[in-house]
Amino acid sequence: MSTTAKYDDLNTPMIAIVGFVSAIFTFVAIVGFQAAYYYVESGVEIAKARAVGPAKNETILAEQRGKLASYAWVDRDQQQVAIPIDVAMSLILREQTSSKAAQNAGDAR
């Protein structure tokens, strides 16, 4: 008979500790990489805003406001037009109010 000990059993507590530490390390690494990404991304956005400059930003905003407040053709072939946003909102409100009134009149019968 041999006097050397055989170690065929798994060291379950050590496997559990290594697994737990690995999971914690992976979580910390993911959170760290995500924080670093967002930090770099915000720096890039700030750099882009500085490169464009406030005068160009005002020009872009004025152009967008003009598009929201004017009539224009979207597609002449399909007879689609763009209308000012205030007019569109009032039309939608009027449409919803009239459909609810018609629905309430139908329910009253």
Side-chain angles (χ1 to χ4, degrees):
M1 215 158 211
S2 168
T3 58
T4 60
K6 290 187 177 185
Y7 295 101
D8 288 340
D9 292 338
L10 294 176
N11 190 354
T12 307
M14 183 57 77
I15 292 172
I17 290 172
V18 169
F20 181 73
V21 170
S22 297
I24 297 296
F25 176 75
T26 302
F27 177 76
V28 169
I30 289 171
V31 170
F33 287 134
Q34 190 172 16
Y37 172 77
Y38 286 134
Y39 176 76
V40 170
E41 183 183 32
S42 68
V44 169
E45 291 296 323
I46 291 170
K48 283 181 183 179
R50 287 184 184 155
V52 170
K56 179 129 184 177
N57 285 341
E58 289 301 319
T59 305
I60 292 170
L61 286 174
E63 185 179 303
Q64 289 174 347
R65 286 186 197 113
K67 285 182 180 179
L68 286 174
S70 64
Y71 292 92
W73 281 103
V74 175
D75 189 359
R76 282 186 187 249
D77 296 334
Q78 295 182 4
Q79 299 291 313
Q80 292 179 345
V81 295
I83 60 175
I85 191 76
D86 295 333
V87 175
M89 289 190 301
S90 65
L91 288 173
I92 293 294
L93 182 62
R94 189 179 317 147
E95 181 180 300
Q96 288 179 348
T97 305
S98 66
S99 68
K100 284 184 182 180
Q103 184 181 15
N104 288 340
D107 291 341
R109 291 183 189 179

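Cluster partners of I92, using a side-chain heavy-atom cutoff of under 4.5 Å among ILVMFWY residues and allowing indirect links: none. Through ILVMFWY side-chain contacts below 4.5 Å, F25 is grouped with nothing and stands alone. Through side-chain heavy atoms spaced under 4.5 Å, either directly or across other Ile, Leu, Val, Met, Phe, Trp or Tyr residues, V21 is tied to I17. Grouped by direct or indirect side-chain proximity (heavy atoms under 4.5 Å, Ile/Leu/Val/Met/Phe/Trp/Tyr only), M14 sits with V18.
Each side-chain hydrogen bond (donor to acceptor under 3.5 Å, both in side chains) pair with one or both residues in residues 61-73, not counting sequence neighbours, would appear here, but there are none. Listed by first and then second residue, the side-chain hydrogen bond (donor to acceptor under 3.5 Å, both in side chains) pairs that reach into residues 92-102 come to none, sequence neighbours excluded.
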Acceptor/donor pairs from residues 26-48 side chains to any protein atom, 3.5 angstrom cut, sequence neighbours excluded:
residue : atom : partner : partner atom : Å
T26     : OG1  : S22     : O            : 2.8
S42     : OG   : Y38     : O            : 3.4
S42     : OG   : Y39     : O            : 2.9

Can you list, pair by pair, the side-chain donor-acceptor contacts under 3.5 Å of residues 75-86, counting residues two or more places apart and other chains?
residue : atom : partner : partner atom : Å
D75     : OD1  : D77     : N            : 3.3
Q78     : OE1  : Q80     : NE2          : 3.3
Q79     : NE2  : R76     : O            : 3.2

